[in-house]
Amino acid sequence: MRYDLVIFDNDGVLVDSEPLSNTILAGYLTELGHPTSYEDSLRDYMGAAVHRVHDLVRERTGQALPADFDETLHARVFAAFERELAAVDGVTDVLEKLTADGVPYCVASSGSHERIRVGHRTTGLDRWFTDDVLFSAQDVGRGKPAPDLFLHAAARMGVAPERCVVVEDSRLGVQAALAAGMDVYGFTAMTPADRLAGARGCFDAMAELPALLV
């Protein structure tokens with residue numbers, strides 16, 4: 001394999017969470033008086049840490065979100081995860097192949113550690129990911145599109161950035177990977193390829209990924 005470490009985004013790449021979480025986020029923002037469609041949420045917040053929601057709402061309206069916004073949002077999202085969340089189709093086959101080939105992999109997600117764990121527990125992906133290979137925007141000062149999270153993950157895994165490849169499905173995630181000096185492949189199940197500019201290549205089914213990495 002061409003790379004020494006595969007870094008997976010989580011939401012939308014490992015777990016099929018983006019439709020659920022963005023529907024809930026759009027509804028909650030609308031409820032709070034900030035009309036937001038599902039499409040708006042995907043465009044503005046997909047792949048980002050929750051602080052981006054606060055930043056954009058304040059920038060656009062001059063208003064702050066409620067102090068308990070994060071807690072309420074996470075509670076609603078986690079409840080939906082436990083009812084409906086599934087792993088991305090074909091991802092367990094990819095993880096099985098990487099494991100069989102002895103290729104290290106990890107997660108670098110804009111979501112919190114709790115969000116990652118809830119999603120993995122619900123979908124059974126926790127068997128593939130121990131806590132020492134889970135990295136969150138909580139671990140660094142700046143989330144995507146800054147490179148900090150990917151650089152942190154590479155450093156903790158002991159791999160030089162240029163030997164890493166990132167699997168992403170968001171514009172912000174691709175920008176972060178490129179800023180970190182890493183190759184990145186764009187997963188287009190939900191995001192058109194033209195929004196993942198800069199990716200080394202794009203694919204729309206997980207079964208296609210292993211061949212891209214060799």
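Worth saying up front: this structure is predicted, and the values here are computed from it rather than measured.
Geometric assessment of Arg76 against the ring of Tyr28 yields a positive cation-pi assignment under the 6.0 Å and 45° thresholds.
Here the side chains of Thr36 and Leu25 are not in contact, with every heavy-atom distance at 4.5 Å or above. Looking at Glu18 and Asp169, their side chains come closer than 4.5 Å, going by heavy atoms from C-beta outward. Contact annotation: the side chain of Leu95 approaches that of Phe8 to within less than 4.5 Å [non-hydrogen atoms, C-beta and beyond]. Looking only at side-chain heavy atoms (C-beta outward), Met206 and Leu209 come within less than 4.5 Å of each other. A heavy-atom distance below 4.5 Å is not found between the side chains of Arg127 and His120. Looking at Asp44 and Arg60, their side chains come closer than 4.5 Å, going by heavy atoms from C-beta outward. For the pair Arg200 and Val165, the minimum side-chain heavy-atom distance is 4.5 Å or more. Two residues are said to be in side-chain contact when any heavy atoms from C-beta on lie closer than 4.5 Å; Met182 and Tyr3 fail this criterion.
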- [ ] Please assess Arg83 against Leu20 for the test side chain to side chain contact (heavy atoms under 4.5 Å, CB included), listing each intermediate value before the final yes or no.
- [x] CA-CA 10 Å; Arg83 291 192 307 269; Leu20 289 173; over 6 Å; no
Open item on the list: Please determine whether side chain to side chain contact (heavy atoms under 4.5 Å, CB included) holds for the pair Arg117 and Leu134, giving the CA-CA distance in whole Å, both sets of side-chain angles, and the decisive distance to 0.1 Å.
Closed with: CA-CA 9 Å; Arg117 291 190 184 100; Leu134 300 183; 4.2 Å; yes
- [ ] Check the pair Arg115 / Asp11 against salt bridge (charged side-chain N to carboxylate O under 4.0 Å, His left out), numbers first and verdict last.
- [x] CA-CA 10 Å; Arg115 178 185 174 114; Asp11 293 291; 3.1 Å; yes
Task: Full working for salt bridge (charged side-chain N to carboxylate O under 4.0 Å, His left out) between Asp40 and Arg43 - done: CA-CA 5 Å; Asp40 292 337; Arg43 182 194 65 225; 3.3 Å; yes
TODO: Give the intermediate values and the outcome of side chain to side chain contact (heavy atoms under 4.5 Å, CB included) for residues Glu59 and Leu56.
DONE: CA-CA 5 Å; Glu59 177 184 312; Leu56 282 186; 4.1 Å; yes
Open item on the list: Using side chain to side chain contact (heavy atoms under 4.5 Å, CB included), reason through Leu196 and Phe187 one step at a time and then give a plain yes or no.
Closed with: CA-CA 9 Å; Leu196 302 177; Phe187 183 41; over 6 Å; no
Open item on the list: Please determine whether side chain to side chain donor-acceptor pair (under 3.5 Å) holds for the pair Asp70 and His54, giving the CA-CA distance in whole Å, both sets of side-chain angles, and the decisive distance to 0.1 Å.
Closed with: CA-CA 9 Å; Asp70 294 9; His54 290 268; 2.6 Å; yes
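Taken to the nearest 0.5 Å, the CG atom of Asp194 stands 11.5 Å off from the CZ atom of Arg171. Atom CG in Asp9 sits 9.0 Å away from atom CG in Leu149 (nearest 0.5 Å). Atoms CG and CZ, on Leu5 and Arg156 in that order, are 13.0 Å from each other to the nearest 0.5 Å. Expressed to the nearest 0.5 Å, how far SG of Cys164 lies from CD1 of Ile7 amounts to 4.5 Å.
Remark: Arg163 CZ is packed, more than 12 non-hydrogen atoms of other residues, nucleotides or ligands lying under 6.0 Å away.
Under the 4.5 Å side-chain heavy-atom criterion for ILVMFWY residues, no single connected hydrophobic cluster contains both Val140 and Leu172.
Checking side-chain atoms of His152 against main-chain N and O of Asp148 turns up no donor-acceptor pair under 3.5 Å. Under a 3.5 Å cut-off, the side chain of Ser136 and the backbone N or O of Asp139 do not form any donor-acceptor pair. The backbone N or O of Trp128 sits less than 3.5 Å from a side-chain atom of Tyr105, completing a donor-acceptor pair.
Side-chain contact of Asn22 with Ser41: a donor-acceptor pair under 3.5 Å is present, judged by distance alone. Looking only at atom types and distance, the side chain of Asp131 has no donor-acceptor partner in the side chain of His113 under 3.5 Å away.
Through direct or indirect side-chain contacts shorter than 4.5 Å among Ile, Leu, Val, Met, Phe, Trp and Tyr, Tyr38 is connected to Leu42, Met46, Met190.
Scanning both residues, Ala197 and Val174, for their nearest heavy atoms gives O-CG1, 3.5 Å. Closest of all the heavy-atom pairs between Pro145 and Gln175 is CB-OE1, 3.4 Å. Across every non-hydrogen atom of Leu151 and Pro161, the tightest pair is CD2-CG, 3.8 Å. Minimum interatomic distance between Ser109 and Ile116 (heavy atoms only, all atoms of both residues): CB-CD1, 3.7 Å. Closest non-hydrogen pair, Leu29 versus Val53, comes out as CD2-CG1, 4.0 Å. Closest non-hydrogen pair, Thr188 versus Pro192, comes out as CG2-C, 4.5 Å.
A salt bridge does not link Arg121 to Glu82: none of the charged nitrogens lies less than 4.0 Å from a carboxylate oxygen.
The aromatic rings of Phe78 and Phe81 sit tilted relative to each other, their planes meeting at an angle between 30° and 60°.
Taking the six-membered ring for Trp and the full ring otherwise, Tyr185 and Phe203 have centroids separated by 6.0 Å or more.
Paired with Lys97 under the rule side chain to side chain donor-acceptor pair (under 3.5 Å), one option of Thr99, Asp101, Asp93 passes, and it is Asp101.
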